[in-house]
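As structure tokens, the structure follows; a few thoughts come after it.
Just so we're clear, the structure is a prediction, and the values are computed from it rather than from any experiment.
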Amino acid sequence: MTIESKDQEVNHGVHNYSAEEKWFKPKDPVILERLEWFKDQKLALMMHWGPYSQLGVVESWALSDKDSDWSRTDIDWEEDGEEFKRQYFDLNKTFNPVRFQPEVWADLAAEGGFKYFIFTTKHHDGFSMWDTKETDYRITSSECPFHNHKYADICKHVFDAFREKGLGIAAYFSKADWNTPYYWAPGMDRGKEMWRGPSYDPDEYPWLWEKFVTFTHNQIMELMSKYGRIDVLWLDAGWVGKGKQDIRLGEVVEKAREIQPWLLTADRTIGGEFENYITPEQTIPESPMSVPWESCITMGTSFSFKYEDNYKSTREIIHTLIEIISKGGNLALNVAPQPDGRLPEGAIKRIKELGVWLKVYGEAVYGTRICAPYFKDGFAFTKKGETAYCFRLYQGEDVRYKDEYVYIPYTEKVRRIDMLGWEGNLEFSQTEEGISVRMPTLEEKQEKTPIAHVFRLR
């Protein structure tokens with residue numbers, strides 16, 4: 001589906017995304033260079049993780065009474081909204097992921113072919129996964145049983161581990177914070193009926209809003225100054241940042257780039273100079289986009305951990321990746337850790353299978369750019385230099401693929417064609433409408449239909 005506007009509406013927790021024509025091209029040559037780096041990466045591992053994983057419910061959103069109609073559908077043990085909020089905010093007192101092994105996560109990500117890592121340092125609920133000095137609602141607080149663990153400062157250890165494996169680091173940070181009294185302040189006109197925004201009018205309480213701005217800036221600068229190289233500041237909560245909820249983002253980004261001049265910012269759905277790339281969520285644009293973009297899509301049905309979740313097949317994940325890169329984007333594949341700190345076995349299996357596929361076909365994925373006709377009739381195209389790549393996608397196990405000839409809808413002049421994972425050139429004939437390729441006799445190692453055949457056109 002394509003969303004042409006960049007309004008701030010959130011439908012069941014899924015954000016609209018900014019329109020391509022409103023993308024703001026940065027003037028800083030360093031940021032432009034880093035956007036080319038970003039477009040080369042193609043595949044990110046995204047993780048939503050926090051105390052909420054213990055319940056297996058949607059992250060944060062159930063705290064908002066205005067969103068209760070959809071976000072509390074899995075909350076079948078507690079009808080009283082205020083009691084549920086107390087239970088949710090008290091999850092820090094039982095969060096103890098003693099099986100968390102950041103090196104194991106990083107090894108798996110590298111094996112799976114991921115090139116950068118997006119981690120939720122703080123979601124809207126305000127729980128900080130690093131040793132922040134701004135709030136006690138954090139992983140290293142004495143209230144949290146994990147605070148004495150050797151990996152207690154989760155952001156530090158996970159960022160270090162992934163960086164050691166050569167992956168870029170993106171720090172997800174929610175600009176909203178539903179725990180701090182500077183945002184959801186008690187005793188205001190809203191009473192106990194909470195929504196996504198602050199519980200007060202910032203115009204009426206400018207001193208309180210200023211405390212929230214300072215709090216937010218201080219937390220961002222902690223992450224930017226104490227946790228090593230950060231490649232992307234990935235900002236969520238798109239209702240924060242305009243009109244009355246101005247957090248003066250430019251000030252803190254300027255400070256951050258004094259330390260990390262290469263820093264990209266993804267100020268989601270806001271537009272303007274700090275939305276360096278566009279972030280569709282749980283969707284792929286219908287048409288290619290020539291500006292930098294990244295779709296965040298879940299491996300399961302939820303961004304947060306869900307007990308007995310249903311994961312997409314490896315075929316579907318790879319086809320999603322192929323469609324996205326053929327339209328000029330990156331895939332941020334979200335995998336939610338369990339409350340004990342391990343990744344689910346089903347997710348591990350798919351990551352390993354994804355890595356096996358990318359070892360053979362990654363040449364047609366990483367470092368490529370869009371190439372007409374992009375994504376058409378079961379074919380997808382990318383380009384790197386003078387070489388084009390054509391993916392022929394097979395949708396199911398029972399789809400016939402042993403055709404003697406394959407017709408590729410590609411009209412640029414081609415002198416040689418071969419296939420990734422197979423030695424030797426292929427016979428072909430070309431007309432103004434496309435290319436007819438004679439398929440080789442392939443010794444398939446398994447009976448099931450391949451995920452895709454990938455042709456190299458030169």
Side-chain angles (χ1 to χ4, degrees), residues 1 14 40-49 105-119 162 167-168 170 279-286 293-306 308-338 342-368 374-375 378-382 389-399 401 420-421 446 448-454:
M1 99 187 180
V14 176
D40 285 342
Q41 306 310 299
K42 302 305 180 189
L43 183 60
L45 178 62
M46 186 180 207
M47 286 188 178
H48 281 66
W49 194 40
W105 284 10
D107 287 343
L108 182 65
E111 182 181 350
F114 295 96
K115 297 301 182 183
Y116 62 110
F117 177 56
I118 308 168
F119 186 70
F162 277 74
L167 277 78
T279 54
E281 182 175 330
Q282 295 286 50
T283 192
I284 304 173
E286 288 184 2
W293 64 277
E294 164 198 272
S295 275
C296 46
I297 293 178
T298 55
M299 179 181 283
T301 60
S302 172
F303 281 102
S304 54
F305 174 74
K306 186 175 181 180
E308 300 178 349
D309 203 356
N310 295 313
Y311 294 111
K312 296 174 176 65
S313 67
T314 302
R315 181 184 301 272
E316 184 178 354
I317 292 167
I318 292 173
H319 283 193
T320 298
L321 171 63
I322 292 170
E323 181 177 354
I324 286 172
I325 65 172
S326 72
K327 294 178 177 180
N330 291 4
L331 168 62
L333 183 65
N334 187 90
V335 176
Q338 298 174 169
R342 292 181 68 248
L343 297 181
E345 288 296 329
I348 292 172
K349 180 176 184 292
R350 283 157 179 78
I351 289 172
K352 288 178 177 288
E353 291 173 349
L354 174 60
V356 169
W357 190 88
L358 283 166
K359 282 179 182 176
V360 178
Y361 303 108
E363 175 188 331
V365 175
Y366 305 118
T368 59
Y374 315 111
F375 188 77
F379 291 89
F381 297 84
T382 61
Y389 300 92
C390 170
F391 301 83
R392 188 193 187 194
L393 281 60
Y394 299 98
Q395 297 299 329
E397 304 294 333
D398 57 350
V399 174
Y401 70 94
L420 298 186
Q446 69 281 342
K448 64 181 181 181
T449 305
I451 290 170
H453 284 138
V454 184

Ring centres under 6.0 angstrom apart (H319, F391): no

T368 and K42, any side-chain heavy atoms less than 4.5 Å apart: yes

Partner set under ring pair (Phe, Tyr, Trp, His ring centres under 6.0 Å) for F381, not counting sequence neighbours: Y410

Least distance between heavy atoms, A364 atom then V454 atom: CB-CG1, 3.7 Å

Between CG on residue L45 and CG on residue L331, distance to nearest 0.5 Å: 10.0 Å

Name of the residue among N334, T301, T298 meeting side-chain hydrogen bond (donor to acceptor under 3.5 Å, both in side chains) with Q282: T298

Sub-4.5 Å side-chain heavy-atom contact between I317 and L333: yes

Parallel, tilted or perpendicular: ring planes of F117 versus F162, cut at 30 and 60 degrees: parallel

Which atom pairs, one a donor and one an acceptor, fall under 3.5 Å between side chains of residues 353-361 and the rest of the protein, sequence neighbours left out?
unit_1	atom_1	unit_2	atom_2	d
E353	OE1	T314	OG1	2.4
E353	OE2	K349	NZ	2.7

Approximate separation, where rounding is to 0.5 Å, of S302 OG and N310 CG: 12.0 Å

Y394 versus A452, closest heavy-atom pair with distance: CD1-CA, 3.9 Å

Heavy-atom side-chain contact between L393 and E323 under 4.5 Å: no

Side chain proximity check, K312 to I297, heavy atoms < 4.5 angstrom: yes

Evaluation steps, side-chain contact (heavy atoms from CB on, under 4.5 Å), between W293 and I324: CA-CA 9 Å; W293 64 277; I324 286 172; 3.8 Å; yes

Test log, rule side-chain contact (heavy atoms from CB on, under 4.5 Å), inputs V335 and R350: CA-CA 10 Å; V335 176; R350 283 157 179 78; over 6 Å; no

E111 and D107: CA distance, side-chain angles, deciding distance, side-chain contact (heavy atoms from CB on, under 4.5 Å) verdict: CA-CA 6 Å; E111 182 181 350; D107 287 343; over 6 Å; no

E397 side chain reached by R315 side chain, heavy atoms, under 4.5 Å: yes

Side-chain heavy-atom pair M299, D309 within 4.5 angstrom cut-off: no

Inter-residue atom distance I351.CD1 - L108.CG, 0.5 Å rounding: 4.5 Å

Min side-chain heavy-atom separation K115-N330 under 4.5 Å: no

